[in-house]
Amino acid sequence: MIKIGITLGDSNGVGPESVIKIFRDSRMHELATFVLYGATKALSFYKPTVEGGEAVAYNVVRSAAEAAPRKLNIVECGKNDMRITPGEASAEAGVVAIESLRKAAQDIKAGALDVIVTAPINKNSMNAEGFGATGHTEFLAQEFGGSPLMLMCSEVMKVGLATIHLPVAEVAGALSKELIKERIAQLNDSLRNDFGVRSPRIAVLALNPHAGDGGLLGGEEQEIIRPAIVESYDEGKLAFGPFAADGFFAAGKFKSYDAVLAMYHDQGLAPFKTLTPAGVNVTANLSVVRTSPDHGVGYDIAGKGVADESSMRNAIYMAIDILRSRTREKEYAANPLKHYERERGGRDMNVKDLKEFKDEKHS
């Protein structure tokens with residue numbers, strides 16, 4: 001059975017409350033074996049605020065290797081006497097969130113977990129305690145290597161980011177043709193491997209208003225973005241643009257593409273969160289599967305029993321789907337003849353057939 005690690009995030013936010021709401025339904029345990037990383041005190045604190053459903057009991061373990069199926073296992077993080085102060089940032093909550101992530105990373109490196117789902121964190125609280133990363137995505141890059149792509153996903157749209165947690169004043173200077181080509185390639189690979197899209201169509205947004213208006217409002221489109229799109233297309237990736245962001249979303253053009261590449265954080269996330277319900281943040285181009293809800297710590301509603309757990313639940317579902325999709329892709333690549341025969345009704349494959357198969361698979 002799949003083993004999923006869930007970090008509870010900021011103990012003073014909506015993460016623990018959302019997890020409790022999700023696991024009031026014991027049918028969740030039919031999907032996977034779950035391991036929580038956080039403070040049992042936080043879970044005990046928020047349980048009375050969540051009404052209805054089945055009672056939630058916890059099985060304390062030292063690591064994911066000890067996790068039992070059909071139980072909600074938890075790896076204890078932090079101190080037993082920590083204070084829970086809903087809606088407030090605190091050093092204690094920052095320390096627990098850091099420990100939770102590090103222990104989950106250790107377990108997934110050891111092969112004791114298959115995927116990781118992360119509840120929202122307070123980056124300021126964590127960095128004040130020595131976290132050393134600007135977010136989950138950057139932390140995971142440090143732990144597992146590579147240059148991960150932040151990808152927001154829902155049934156409505158998928159939006160990837162060329163730059164991630166970067167001040168707006170630094171975005172233009174951070175963009176290059178090489179970076180955008182890399183992001184297009186990462187997005188293309190993720191759509192194929194993580195979501196089973198055989199020939200992804202990718203829309204690339206402009207940086208400046210009106211797509212630079214022919215250079216009057218900035219030269220990034222003509223000098224950087226368009227050349228990256230053209231070269232990516234020539235290399236076999238169906239990339240199009242650059243599109244002016246306002247008209248692109250307002251006219252619903254995103255519906256014609258499998259994903260959108262935005263140039264910076266709010267350019268992509270503002271329309272995504274406006275147009276799609278309960279989305280999921282996926283860290284693409286990472287050796288391990290990681291998802292999270294698309295919202296923050298929710299200090300304004302923490303502890304009031306009103307937090308909506310839908311995005312967190314969708315993050316769990318999507319993590320399972322992505323893991324299964326990656327497994328299928330690996331099996332497909334390992335034995336293409338077998339899969340070709342299945343698709344062609346079981347007849348034998350000759351050299352010509354194999355060439356046609358490869359052309360179909362990579363078209």
Side-chain angles (χ1 to χ4, degrees), residues 2-10 13 15 18-19 22 31-38 63-64 67 75 77 97-123 126 131-154 158-161 164-165 183 186-187 189-195 259 265 268-269 272 278-297 309 311-327 329-330:
I2 295 171
K3 193 175 287 186
I4 298 177
I6 300 177
T7 58
L8 294 179
D10 193 295
S18 297
V19 169
I22 291 169
L31 301 175
T33 297
F34 293 94
V35 186
L36 307 183
Y37 294 81
S63 74
V75 175
C77 301
I98 293 171
E99 186 179 342
S100 301
L101 273 173
R102 288 177 176 166
K103 285 187 174 181
Q106 289 173 2
D107 278 351
I108 204 164
K109 286 178 180 178
L113 290 176
D114 295 302
V115 303
I116 182 172
V117 180
T118 59
I121 56 175
N122 183 315
K123 302 176 183 66
M126 295 173 68
F131 183 48
T134 54
H136 281 115
T137 305
E138 293 79 5
F139 169 79
L140 293 168
Q142 293 172 6
E143 291 292 314
F144 299 99
S147 176
L149 171 72
M150 185 173 176
L151 179 60
M152 308 303 293
C153 302
S154 74
K158 293 178 176 63
V159 179
L161 303 181
I164 306 176
H165 296 118
R183 294 306 195 198
Q186 291 174 340
L187 192 47
D189 289 346
S190 179
L191 290 167
R192 290 171 63 89
N193 297 326
D194 298 340
F195 300 97
H265 188 279
L269 268 64
F272 177 85
V280 176
N281 179 1
V282 175
T283 304
N285 194 46
L286 196 67
S287 58
V288 300
V289 177
R290 176 262 173 167
T291 63
S292 74
D294 70 348
H295 57 74
V297 291
E309 73 277 16
S311 185
M312 188 71 179
R313 183 185 290 110
N314 288 344
I316 294 172
Y317 293 161
M318 190 168 289
I320 295 172
D321 289 343
I322 290 174
L323 180 67
R324 289 173 174 167
S325 181
R326 288 189 182 184
T327 301
E329 284 298 311
K330 288 180 181 178

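Being a predicted model, the structure only gives us computed values, none of them experimental. All values below were derived from every heavy atom in this structure, side-chain atoms included, with hydrogens, water molecules and symmetry-related copies excluded.
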A.B. asks: Run the side chain to side chain contact (heavy atoms under 4.5 Å, CB included) check on Ile2 and Thr33 step by step: do they pass?
C.D. replies: CA-CA 6 Å; Ile2 295 171; Thr33 297; over 6 Å; no

A.B. asks: Yes or no on side chain to side chain contact (heavy atoms under 4.5 Å, CB included) for Ile116 and Ile4, after CA distance, side-chain angles and deciding distance?
C.D. replies: CA-CA 6 Å; Ile116 182 172; Ile4 298 177; over 6 Å; no

A.B. asks: Can you run down the salt bridge (charged side-chain N to carboxylate O under 4.0 Å, His left out) pairs that involve residues 110-123, sequence neighbours left out, and say none if there aren't any?
C.D. replies: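 Every candidate salt bridge (charged side-chain N to carboxylate O under 4.0 Å, His left out) pair involving residues 110-123 fails, so no pair, neighbours aside, qualifies.
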
A.B. asks: So, Ser311 side chain and Asp294 main chain: donor-acceptor pair closer than 3.5 Å or not?
C.D. replies: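 Answer holds: yes.
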
A.B. asks: Would His136 and Asn281 count as a side chain to side chain contact (heavy atoms under 4.5 Å, CB included) here? Give the steps.
C.D. replies: CA-CA 10 Å; His136 281 115; Asn281 179 1; over 6 Å; no

A.B. asks: Is the backbone N or O of Ser325 less than 3.5 Å from a side-chain atom of Asn193, with the two atoms forming a donor-acceptor pair by type?
C.D. replies: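 Side chain of Asn193 to backbone of Ser325, a donor-acceptor pair under 3.5 Å: no, none is there.
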
A.B. asks: Please name all residues satisfying ring pair (Phe, Tyr, Trp, His ring centres under 6.0 Å) with Phe195, sequence neighbours left out, ordered by chain then number.
C.D. replies: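 Residues passing ring pair (Phe, Tyr, Trp, His ring centres under 6.0 Å) with Phe195: none at all.
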
A.B. asks: By ring pair (Phe, Tyr, Trp, His ring centres under 6.0 Å), which residues pair with His265, not counting sequence neighbours?
C.D. replies: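 In terms of ring pair (Phe, Tyr, Trp, His ring centres under 6.0 Å), with neighbours along the sequence ignored, His265 is linked to His165.
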
A.B. asks: Within the side chain of Ser154, is there an N or O that forms a donor-acceptor pair under 3.5 Å with the backbone of Gly279?
C.D. replies: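 Not a single qualifying donor-acceptor pair exists.
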
A.B. asks: Run the numbers on Met152 and Val280 for side chain to side chain contact (heavy atoms under 4.5 Å, CB included), then give the verdict.
C.D. replies: CA-CA 6 Å; Met152 308 303 293; Val280 176; over 6 Å; no

A.B. asks: How about Leu101 and Phe131: do any of their side-chain heavy atoms sit closer than 4.5 Å?
C.D. replies: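 Heavy-atom side-chain distance check passes, below 4.5 Å.
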
A.B. asks: Nearest heavy-atom pair of Ala133 and Phe139: which atoms, and what distance?
C.D. replies: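 The answer is CB-N, 3.8 Å.
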
A.B. asks: So, using ring pair (Phe, Tyr, Trp, His ring centres under 6.0 Å) as the criterion, who are the partners of Phe34 when residues are at least two apart?
C.D. replies: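 Checked Phe34 against ring pair (Phe, Tyr, Trp, His ring centres under 6.0 Å); matches are Phe23.
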
A.B. asks: For Ala32, does its backbone N or O pair with a side-chain atom of Lys3 as donor and acceptor, under 3.5 Å?
C.D. replies: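 Between the backbone of Ala32 and the side chain of Lys3 there is no qualifying donor-acceptor contact (under 3.5 Å).
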
A.B. asks: What's the shortest heavy-atom distance between Ile316 and Thr291, and which atoms?
C.D. replies: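 Closest heavy-atom pair between Ile316 and Thr291: N-OG1, 4.5 Å.
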
A.B. asks: Using modelled atom types only, decide if a donor and an acceptor are shared between the side chain of Ser100 and the backbone of Thr7 within a distance under 3.5 Å.
C.D. replies: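 No; zero donor-acceptor contacts below 3.5 Å.
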
A.B. asks: Would you name the heavy atoms of Val117 and Ala319 that are closest together and state the gap between them?
C.D. replies: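 So the two residues come closest at CG2-CB, 4.0 Å.
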
A.B. asks: Sequence neighbours left out, what passes salt bridge (Lys or Arg N to Asp or Glu O under 4.0 Å) with Asp194? Give chain and number order.
C.D. replies: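 Counting only residues at least two positions away or on another chain, Asp194 forms a salt bridge (Lys or Arg N to Asp or Glu O under 4.0 Å) with Arg326.
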
A.B. asks: Below 4.5 Å, heavy atoms only, C-beta onward: do Ser190 and Arg192 meet side chain to side chain?
C.D. replies: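 Result no, sub-4.5 Å side-chain heavy-atom pair not found.
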
A.B. asks: Is any side-chain heavy atom of Val115 closer than 4.5 Å to a side-chain heavy atom of Val288?
C.D. replies: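 No; the side chains remain at least 4.5 Å from each other.
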
A.B. asks: Per the salt bridge (charged side-chain N to carboxylate O under 4.0 Å, His left out) rule, what does the pair list look like for residues 101-110, sequence neighbours excluded?
C.D. replies: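 Counting only pairs at least two positions apart or across chains, the salt bridge (charged side-chain N to carboxylate O under 4.0 Å, His left out) contacts touching residues 101-110 are Glu99-Lys103, Lys109-Glu143.
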
A.B. asks: Please check: side-chain N/O of Thr137 versus main-chain N/O of Met150, any donor-acceptor pairing under 3.5 Å?
C.D. replies: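 No, Thr137 side chain to Met150 backbone: no donor-acceptor pair under 3.5 Å.
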
A.B. asks: Taking the side chain as C-beta and beyond, is there a heavy-atom pair between Val19 and Leu8 under 4.5 Å?
C.D. replies: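 In short, these two side chains touch, coming nearer than 4.5 Å.
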
A.B. asks: Is there a side-chain contact between Pro293 and Ser18, using heavy atoms and a 4.5 Å cut-off?
C.D. replies: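 Heavy-atom side-chain distance check fails, nothing below 4.5 Å.
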
A.B. asks: Output yes when a side-chain donor or acceptor of Gln142 lies under 3.5 Å from a complementary backbone atom of Gly132, and no otherwise.
C.D. replies: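 At least one qualifying donor-acceptor pair exists.
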
A.B. asks: Of all heavy-atom pairs between Ala104 and Leu113, which one has the smallest distance, and what is that distance?
C.D. replies: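 Closest approach of Ala104 to Leu113: O-CD1, 3.8 Å.
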
A.B. asks: Within the 4.5 Å heavy-atom criterion, are Leu149 and Leu187 side-chain neighbours or not?
C.D. replies: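 SC-SC contact between Leu149 and Leu187 confirmed.
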
A.B. asks: In the structure I gave you, are the side-chain heavy atoms of Gln186 and Ser147 within less than 4.5 Å of one another anywhere?
C.D. replies: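 A side-chain contact under 4.5 Å exists here.
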
